[in-house]
Protein chains: 2
Amino acid sequence: MAETNRMSQAEKATISLRGLIMSGEYPAGSRLPEVALSERIGISRTPLRQAMDRLVTEGLLVRAASSGCRVARFDLDDINDAIELRGVIEGMAARLAAERGAEETLMAKAEAVLDAIDVALEPVSALDFTAYVRLNAEFHEMLGQLAGSPVIRREVDRITQLPLASPSSFLSDQLMGPEFAASLIRAQDHHRGILAAIAAREGSRAEALAREHARLAREKFDYLQHADPKLTRRVPGLALVTAE
Amino acid sequence: MAETNRMSQAEKATISLRGLIMSGEYPAGSRLPEVALSERIGISRTPLRQAMDRLVTEGLLVRAASSGCRVARFDLDDINDAIELRGVIEGMAARLAAERGAEETLMAKAEAVLDAIDVALEPVSALDFTAYVRLNAEFHEMLGQLAGSPVIRREVDRITQLPLASPSSFLSDQLMGPEFAASLIRAQDHHRGILAAIAAREGSRAEALAREHARLAREKFDYLQHADPKLTRRVPGLALVTAE
DNA sequence: GGCCTTTAACTTGTATACAATCACCCGTCA
DNA sequence: TGACGGGTGATTGTATACAAGTTAAAGGCC
């Protein structure tokens, strides 16, 4: 959490509140009383309300008519649709990058990120998980830039940061198992394929690969569903997903 | 502008401010002093700031680091990318509707809207333009619902309401000419095709058609660019687009 | 005369006070 | 005993006052 000094109260409130909700502190559907919250996180109501507005646009909260906010409720379909949506957006970014041609320096940087991921995955038995999460997020961010369009980039960033659609969602070293490690390697294969398709100006292939890549998140999520229910409390956001 | 009574100050401020900006009152790149604005639209700073936050997420304003908001600046590429983005999102909605199957009552309602558009376009020489704009917006809204997913619907609504990507953008009876009327008829052909593809469960075709359909907006925009420059002042939003 | 520094005014960001609305509960009347 | 009405409490929405930071201008010094 870099430099909480230079952050505005509203930003701090956003992060605190998002964390509180993702951790399941406030169960899905529960109301969020403003005064109590502002006392709890030590920030006055004005920036807190800004934060709540922000989380409403993120979809984490819903604003009931003139009666404050409630924590949103998600079911399995919502998660899958959010993942599908991310795949479509990232697919568009990859396609446009291929069709229009991506800047060489950006491509080189993206390749470097992938090389670093290879390193992080190197000792399959004891891979560097936190490094992977960081680098993976970085690659997906690069994907938004490769098309060279501020509009596209902005949209990819937005989708990518949505709590339940993010490429980092439901990633947790809690579920480190052999099959999980294997899925990380498959993901890296996808990464390479997407970049290769962009370099070869194969727009359709780049788009299809990016969509397929997003679907890996589904597998991870399905795995979570059937794994130890105790994980619900340790994997951020999982507490908001109702069994349907 | 239905029932400004029951609206919160923040909503009123959003509408006023959006109107002010779209009309070109504040030129692209200019700063928006909060106090002056709040006096001008007669709403205190707190809800005004909410409105500004909202317009920032819409992309109409940009927030410079600790120095308030400026009116966003758009170029031709931004417009085209926003249109492409809408095509991709609506394409996804259409594809999912086809793949998953759309509810019959919704399909019937969508067909009814298209029938009404046919009527509005009937006398080619003197078609009912305002009715067309309303019905067109309604069809695109239905498109978001046909997939039967709240997540998808939400996203289509969001994109569809973005000022510069909306299917109603740059529609103006100012530019009523024979070629323009012809493009409305082509648009209606697309509408029919999309719905037929959904009914036939042809996801890929539905997606491709929806994408192509969005591209009609490009033609309209290109036409505007080369038309009478005086239109800049009469077509909402056009004033924000710089010549690049 | 030019540049740097300091100060002052303005602008945003935050906190708090106030207003209005909503919901719930209790009491009274039919 | 049940239902309706009034009132009271809490909670959100709005306005305003205050603080902090930024920018611009003016004056002094080199």
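The sequence lines fix the lettering, A, B, ..., with proteins before strands; numbering per chain opens at 1. When reading the values below, keep in mind they use all heavy atoms of this one structure, side chains included, and skip hydrogens, waters and symmetry mates.
Rounding to whole angstrom units, CD of residue Q9(A) and P of dT16(C) are separated by 11 Å. dG13(D) atom P lies 15 Å from atom NZ of K12(B), rounded to whole Å. With rounding to whole Å, E39(B) atom CD is found 13 Å from dC10(C) atom C1'. If you measure from atom CD1 of I43(A) to atom C1' of dA19(D), you get 17 Å, rounded to the nearest angstrom. dT14(D) atom P lies 12 Å from atom CG of L48(B), rounded to whole Å. Distance CD (Q50(A)) to P (dT12(D)): 17 Å, rounded to an integer number of Å. Across the protein-nucleic acid pair, E11(A) atom CD and dG13(C) atom P stand 10 Å apart, rounded to whole Å. Atom CZ in R49(A) sits about 14 Å away from atom C1' in dA15(C), given to the nearest Å.
With R70(A) contributing its side chain and G29(A) its backbone, the two residues share a donor-acceptor pair below 3.5 Å. Formation of a donor-acceptor pair under 3.5 Å by the T57(B) side chain with backbone atoms of R54(B) is found in this model.
The distance from the CG atom of L76(B) to the CG atom of D222(B) is 6.5 Å, given to the nearest 0.5 Å. The line from OG1 of T130(B) to CG of L135(B) is 9.5 Å long, rounded to the nearest 0.5 Å.
Proximity of Q9(A) to S44(A): side-chain heavy atoms (C-beta onward) are nowhere separated by under 4.5 Å.
Closest to the side chain of V35(B), from the set dT12(C), dG13(C), dT16(C), is dT12(C). For R31(B), whose side chain is taken as the heavy atoms from C-beta onward, the closest listed nucleotide among dT12(C), dG13(C), dT14(C) is dT12(C). For P33(A), whose side chain is taken as the heavy atoms from C-beta onward, the closest listed nucleotide among dG13(C), dT12(D), dT14(D) is dT12(D).
At the heavy-atom level, L32(B) lies under 4.0 Å from the strands shown only through sugar-phosphate atoms.
In this model, no side-chain donor or acceptor of S8(A) finds a partner on the base of dT14(C) within 3.5 Å.
Listed pair S44(A) / dA15(C) meets the phosphate criterion, a side-chain N or O lying under 4.0 Å from OP1 or OP2. Between R45(A) and dT16(C) there is no side-chain N or O to OP1 or OP2 distance below 4.0 Å.
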